[in-house]
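First comes the structure, then the notes that go with it.
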Amino acid sequence: MGAKISRCLRSKQEEYEQLTSLIVSKQSSPGGEGQRTLLVFINPHSGKGRSLETFAHLVAPKLDSNLIRYEVVVTTGPNHARDVLIAKENLGMFNGILILSGDGLVFEALNGILSRVDAFNILSNLPIGIIPSGSGNGLLCSVLAKHGVDLSEKSVMNKSIEIATSPTVNAERVALYSVKTETERYAAFLSVGWGLMADIDIESEKWRKLGKHRFDIMGFIRSCNLRSYRGRLTYRPYKARGYNPEADVFNVYDKTTQERIDEESLQRPTPKTWTLHDSEDVTSSDPQEEEEEVIIEDNFINMYAVTLSHIGANHRFAPSAQLEDNRIHLSFILWRDIRTRVDVAKYLLAIEQGKHLDLPFVKNVEVSSMKLEVLSEGSYVVLDGEVIETKSIEVSSTRNNFRVFSST
Ligand code: ADP
Ligand code: MG
């Protein structure tokens, strides 16, 4: 049995190595002037573990035939993509980044870019494309849903390949949020979860080969085996302040990132040197103009805040959320508001139909900032699908955004 498993692991490893060397041997030398060029990150372990095959057989041939060059990084573990993006000197020569993984690698890439001194020049001028190889692709599904694409697995894959390999692809703005934990600061774009849904996400990691079905199975187990979590949730309801980001798009291959940055600097002589966290303050300096802060200390079943419409193909969590809009859609369930475990199962099923917000025990509010303090042991705080070690997390709207490949 042991020998069989080790043979199987060895052949999987050999397959990875063969595909990696095939991809690396075919990758193009960096583009010269007027060349279309992408920087590609492939996480061979994301989702069902097929991203190398997807790139080699479905993506690379189309990039080749459309004369789009690429430099490939096959990630070897957590923080590899982040470290490459922090250190890379010639980022400006690329037209975009292409990620074959889930939301987790997009989060890592963004936070890598944000650790650079030229972060804010790069961020809005180096768009990110995604091929759905992870088990959670909330960002991609939110973008495709906006353009009316059917979110079946096959259609998401086909459409994302069509978009990512097209010379006429457009990039669109997606709002960024500022996050502060006990020890770290991050930029985030998708979700903060704690309680039921965070447990389902993290405890089902061991079944990642099942793809999105892992969430359904763990959801069933968790609702039979319900937990409550003590916490303090503080939030400030959203107040519109005439902030209407332009829903503008640009063609990814019209200019390189450096050409866009140079053009911007001609139009705006003061360079963007501020950081995400200097500009997080979207609230008014006059407290009279603000909504009152709300504080709830109680036993929670679930707390999930999202900034995009979809957290997965079958999870249209905040139907009214817009890509570039900067409000946070906070929803939570208190232990004392549910009658039986059946209510919780109903909630999980209703998410798939986008009807969960209609359930009477689910509280929803649009906020511009929120803070969660965890007052009990043994729970996960999950940020954009990744576990964060902290007992306190604050999320605030910003006026910053990044760009994502969206349509052709
Ligand atoms: P998934 O949906 O499969 O979880 P994500 O992109 O959300 O995919 O998350 C992938 C995580 O795996 C990221 O945190 C990333 O840093 C990490 N990672 C990247 N490359 C590897 C690798 N070769 N082995 C293990 N983990 C990796
Ligand atoms: Mg993930």
Side-chain angles (χ1 to χ4, degrees), residues 9 12-21 23-24 39-56 72-87 97-115 128-143 151 153 156-157 160 164 179 184 186-193 197-216 218 304 306 308 310-315 317 380-389 404:
L9 285 177
K12 191 80 197 157
Q13 187 58 32
E14 278 162 13
E15 190 191 331
Y16 277 172
E17 282 164 15
Q18 275 170 10
L19 278 166
T20 304
S21 52
I23 290 166
V24 170
L39 176 59
V40 182
F41 290 95
I42 307 176
N43 173 0
H45 291 287
S46 63
K48 295 182 191 168
R50 299 213 193 109
S51 50
L52 283 171
E53 275 164 88
T54 304
F55 187 77
V72 178
V73 177
V74 178
T75 60
T76 52
N79 290 329
H80 183 179
R82 179 191 149 88
D83 294 343
V84 169
L85 283 164
I86 291 175
I97 290 178
L98 182 61
I99 291 184
L100 284 89
S101 191
D103 292 311
L105 205 62
V106 179
F107 175 78
E108 205 187 290
L110 277 174
N111 283 283
I113 294 172
L114 279 162
S115 304
I128 297 181
I130 302 152
I131 305 285
S133 312
S135 37
N137 284 97
L139 172 58
L140 176 67
C141 290
S142 300
V143 171
L151 296 183
E153 201 173 327
V156 170
M157 178 58 88
S160 72
V179 177
E184 303 287 333
Y186 301 97
F189 58 88
L190 181 61
S191 61
V192 183
M197 286 172 61
D199 283 2
I200 292 173
D201 192 4
I202 301 311
E203 291 174 0
S204 67
E205 281 271 341
K206 53 185 177 264
W207 298 327
R208 52 174 52 242
K209 294 271 177 298
L210 298 175
K212 64 186 172 52
H213 298 299
R214 72 182 223 208
F215 301 117
D216 302 335
M218 190 48 87
Y304 217 83
V306 302
L308 293 174
H310 286 68
I311 51 174
N314 297 325
H315 298 99
F317 201 79
Y380 303 102
V381 174
V382 177
L383 176 62
D384 287 6
E386 301 292 298
V387 181
I388 302 287
E389 291 296 330
V404 176

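Ligands are counted one by one from 1 in listed order, and the atoms in each one are counted from 1 as well.
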Looking at residues at least two apart in the chain, or sitting in another chain, which of them share a side-chain hydrogen bond (donor to acceptor under 3.5 Å, both in side chains) with S115? none
Sequence neighbours excluded, the answer for side-chain hydrogen bond (donor to acceptor under 3.5 Å, both in side chains) partners of T20 is none
Tell me the residues surrounding ligand 1, counting only those with a heavy atom closer than 4.0 angstrom, sorted by chain and number. N43, P44, H45, S46, G47, T75, T76, G77, P78, N79, S101, G102, D103, G104, L105, E108, G134, S135, G136, R208, E386
Any donor-acceptor N/O pair, S204 side chain to M218 backbone, under 3.5 Å: no
Taking only residues two or more places apart in sequence or in another chain, which ones pass side-chain contact (heavy atoms from CB on, under 4.5 Å) with D201? R214, F215, V382
Short question: side chain of D384, backbone of F189 - any donor-acceptor pair under 3.5 Å? yes
Indicate yes or no: does E153 engage K48 in a salt bridge with an N to O separation below 4.0 Å. yes
